[in-house]
Amino acid sequence: MVKHNNVVPSGHFRKHWQNYVKTWFNQPARKTRRRAARQKKAVKIFPRPPAGPLRPTVHGQTLKYNMKLRAGKGFSLEELKAAGIPKKLAPTVGISVDHRRRNRSLEGFQANVQRLKTYKAKLVVFPRRNGKFKAGDSTPEELATATQVSGPILPIVHEKPSVELVKVTEELKSFRAYDKLRLERTNARHVGVRAKRAAEAEKEEKK
């Protein structure tokens with residue numbers, strides 16, 4: 001029984017929750033619509049690839065992701081120069097350019113230059129006007145066999161590290177890793193003192 005002159009408790013449960021429910025029934029239709037739009041775009045931009053321009057391989061930022069390769073914004077001017085592609089020509093033949101990017105590792109630079117050279121070897125350039133060929137355009141035989149690339153251009157392949165199996169010898173079995181670590185740590189700690197002692201002993205010998 002409720003005591004004293006208090007407000008009569010009543011639960012406020014009628015919140016009209018049906019008005020605030022987010023449904024996702026249009027998802028299958030959206031999927032179909034996006035697919036149709038992609039196909040329409042591919043027909044419109046033929047023979048260019050629908051995936052967009054070629055992107056470089058770059059390493060992700062920060063310690064967490066820097067071992068992973070991903071597609072970057074564009075090729076640096078140094079990479080284009082090494083591959084023999086003029087920076088003004090590159091965007092016109094489906095190569096993205098990023099003039100701000102700097103090459104900080106030789107391996108990454110060489111990988112992207114090779115990527116550009118592979119793309120250049122496979123590239124088929126159509127003339128701007130039918131039948132009017134200019135320098136740099138592909139031959140009529142190449143144009144006849146050309147197909148539109150579906151999917152990513154030169155997809156980035158992640159190499160799996162190989163594991164080398166070693167036979168366990170008696171020497172490996174008898175090796176005490178913890179003792180070795182303690183010894184090396186002690187040696188590192190006493191390097192200065194021992195060097196000082198050796199220098200003093202050398203001085204006394206000279207006297």
Side-chain angles (χ1 to χ4, degrees), residues 22 24 34 38 48-124 149-207:
K22 171 75 175 168
W24 202 239
R34 282 197 301 269
R38 282 197 300 273
R48 294 188 292 274
L54 180 72
R55 307 273 178 190
T57 54
V58 296
H59 284 271
Q61 295 274 308
T62 72
L63 193 66
K64 188 177 179 182
Y65 298 108
N66 64 8
M67 80 296 294
K68 293 187 177 180
L69 283 175
R70 64 173 181 83
K73 181 182 169 66
F75 290 91
S76 68
L77 301 179
E78 292 82 16
E79 287 165 355
L80 290 167
K81 191 175 182 181
I85 300 168
K87 62 182 179 183
K88 293 268 180 83
L89 175 74
T92 64
V93 291
I95 299 169
S96 55
V97 181
D98 184 8
H99 65 89
R100 296 185 194 88
R101 237 184 90 231
R102 299 282 175 268
N103 293 106
R104 291 185 174 86
S105 81
L106 183 65
E107 291 87 352
F109 173 76
Q110 287 172 346
N112 279 328
V113 169
Q114 187 56 47
R115 191 171 166 82
L116 282 168
K117 285 179 178 175
T118 308
Y119 178 79
K120 194 177 173 184
K122 293 181 177 182
L123 184 66
V124 176
V149 178
S150 59
I153 310 163
L154 301 179
I156 297 165
V157 180
H158 300 280
E159 292 180 9
K160 290 185 179 178
S162 59
V163 178
E164 189 182 345
L165 298 174
V166 180
K167 202 168 187 177
V168 180
T169 59
E170 288 298 323
E171 189 185 344
L172 285 171
K173 284 181 183 177
S174 61
F175 178 71
R176 292 174 173 273
Y178 182 73
D179 293 354
K180 178 70 174 170
L181 281 171
R182 295 295 300 177
L183 179 67
E184 291 302 326
R185 194 176 289 170
T186 308
N187 291 341
R189 198 163 61 239
H190 293 102
V191 163
V193 177
R194 285 172 183 169
K196 191 180 178 184
R197 278 183 198 161
E200 286 173 358
E202 200 177 328
K203 271 187 182 179
E204 284 180 10
E205 279 177 16
K206 283 180 180 178
K207 284 178 183 178

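From a predicted model like this one, the values you see are computed outputs, not experimental measurements.
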Pair Leu54-Arg115, side-chain contact (heavy atoms from CB on, under 4.5 Å): steps then yes or no: CA-CA 9 Å; Leu54 180 72; Arg115 191 171 166 82; 3.9 Å; yes

Heavy-atom neighbours of Glu184 CD exceed 12 at 6.0 Å: yes

Leu63, CG: over 12 other non-hydrogen atoms inside 6.0 angstrom: no

Nearest heavy-atom neighbours spanning Arg102 and Arg100: NH1-O, 3.3 Å

Close side-chain approach of Leu116 to Asn112, heavy-atom, < 4.5 Å: no

Rounded distance (nearest 0.5 Å) linking atom CE of Met67 with atom CG of Leu69: 11.0 Å

Residue pair Arg101 / Pro56, side-chain heavy-atom distance below 4.5 Å: yes

Atom of Ser105, atom of Gly108 and distance for their closest heavy-atom approach: OG-N, 3.2 Å

Heavy-atom side-chain contact between Leu80 and Phe75 under 4.5 Å: yes

Gap separating the CZ atom of Arg104 from the OG atom of Ser76, nearest 0.5 angstrom: 11.0 Å

Sub-4.5 Å side-chain heavy-atom contact between Arg55 and Ile95: no

Worked verdict on Lys173 versus Thr169 for side-chain contact (heavy atoms from CB on, under 4.5 Å): CA-CA 6 Å; Lys173 284 181 183 177; Thr169 59; over 6 Å; no

From Thr118 atom OG1 to Lys120 atom NZ, the distance as rounded to the nearest 0.5 Å: 11.5 Å

Min side-chain heavy-atom separation Thr186-His190 under 4.5 Å: yes

Main-chain N/O of Ser174 paired to Arg176 side chain as donor or acceptor, under 3.5 Å: no

Neighbour count >12 (heavy atoms, 6.0 Å) for atom CD, Glu200: yes

Short side-chain donor-acceptor distance under 3.5 Å, Asn103 and Glu79: yes

Expected output: side-chain Ser96 to main-chain Lys73 donor-acceptor under 3.5 Å: yes

Any Val93 side-chain heavy atom under 4.5 Å of Leu89 side chain: yes

Residues Arg194, Asn187; criterion side-chain contact (heavy atoms from CB on, under 4.5 Å); working and verdict: CA-CA 9 Å; Arg194 285 172 183 169; Asn187 291 341; 3.2 Å; yes

Separation between CD1 of Ile153 and CG of Leu123, rounded to the nearest 0.5 Å: 10.0 Å

Glu78 and Lys81, any side-chain heavy atoms less than 4.5 Å apart: no

Check against side-chain contact (heavy atoms from CB on, under 4.5 Å), Arg70 and Val58: CA-CA 5 Å; Arg70 64 173 181 83; Val58 296; 3.9 Å; yes

Which atom of Phe109 lies closest to which atom of Ala82, heavy atoms considered: CZ-CB, 3.7 Å

Spacing of Ile85 atom CD1 and Lys117 atom NZ [to the nearest 0.5 Å]: 9.5 Å

Within-4.5 Å side-chain heavy-atom neighbours: Tyr65 and His59: no

